[in-house]
Amino acid sequence: MNQQTTVPDEFREILENIKEIRDNVGNAVAKYRSADDIVKIMAVTKTVPPEKINFAISQGITLLGENRVQEYLSKKDSYDSSAEVHIIGHLQTNKVKYIINDVSMIQSVDSVKLAGEINRLAVKNNRKMDVLLEVNIGEEASKSGINAGGVFDLAQQMLPFENIRIRGLMAIPPIGADEKIFAHMRELYEKLKELKLANVEADVLSMGMSGDYELAVKHGSTLVRIGTKLFGARKYMEG
Ligand SMILES: *Cc1c(COP(=O)(O)O)cnc(C)c1O
């Protein structure tokens, strides 16, 4: 990591962005959290070419977030394989088979049907899959995820799925959301832990993106998912 000497111009911005995000996360942890709390920084890769992603990995990013299965499949062979990959976008049941052996977590589980298919393929491939339940915390019609009220029902309905481990919750709060929304997510996460269901080992609250990650850290996030602030503005609309 001799970053001082040989960073090409197009990557210098990424390097500065990583430093800024790390500083801001560190400051938010120092201000609002316990000193030993760890908040992971995920690089969200949609529309970003593999060279840039690999550069971020060379600078210590160890976790990638993928939105679209198709895009991921076209890029994954170019990725430095040392980074872990999580699915963070809406996942269609019929696409689980393409990613079941490549990713270490699916953050976007929002139905029993999807969970059932993940479990079926996890059994078939002799592995356990870590998942997060995605909560539509702002109850926005345009977003996937279960409503806050459905979190514990879904976790319970997933009890028979022995090859799935629920590691926590994920949310995309509305743009400009009130702090209460973030606090509400933290409450749900703490309650999920208290239930002590056999299929829950919760240590991940995935919350916070480019526009709100410091607020998310303030309210208990353990994993922030950063795209634009890391790689720059995306060139085309996301699906
Ligand atoms: C695109 C995306 C992000 C990152 O968004 P930015 O605002 O670019 O940081 C995080 N999480 C999910 C689920 C996304 O789709």
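The chain is numbered in sequence order, starting from 1. Remember, it's 1-based here, ligands and their atoms both numbered in the order they're listed.
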Taking only heavy atoms of Thr228, which atoms of ligand 1 are found under 4.0 Å from at least one of them? 6 (P), 7 (O), 8 (O), 9 (O)

pair Tyr72-Val103: side-chain heavy atoms closer than 4.5 Å: yes

With a 4.5 Å limit on heavy-atom distance, are the side chains of Thr45 and Tyr79 in contact? yes

Heavy-atom pair of closest approach, residues Asp37 and Val29: O-CG1, 3.9 Å

Test item: Leu154 and Gln157 side chains (from C-beta on) under 4.5 Å apart, heavy atoms: yes

Can you sort out which atoms of ligand 1 are near Asn67, meaning under 4.0 Å from one of its heavy atoms? 14 (C), 15 (O)

Numbering as shown, the atoms of ligand 1 that approach Ile226 to under 4.0 Å (heavy-atom distance): 9 (O)

Taking all heavy atoms of Tyr98 and all of Asp102, pick out the closest pair and write down the distance. O-OD2, 3.7 Å

Distance-only, no hydrogens or angles: does the Arg225 side chain make a donor-acceptor pair with backbone N or O of Ser206 under 3.5 Å? yes

Check each atom of ligand 1 against the heavy atoms of Ile172 and keep those under 4.0 Å away; list them by number with element. 13 (C)

Purely on distance, is any nitrogen or oxygen of Lys229 under 3.5 Å from one on ligand 1? no

Check for me whether Gln107 has a heavy atom closer than 4.0 Å to any atom of ligand 1. no

Going by the atom numbers of ligand 1, which of them fall below 4.0 Å from some non-hydrogen atom of Ser210? 6 (P), 7 (O), 8 (O), 9 (O)

The one among Met209, Arg225, Met42, Lys46 that brings a heavy atom closest to atom 14 (C) of ligand 1: Lys46

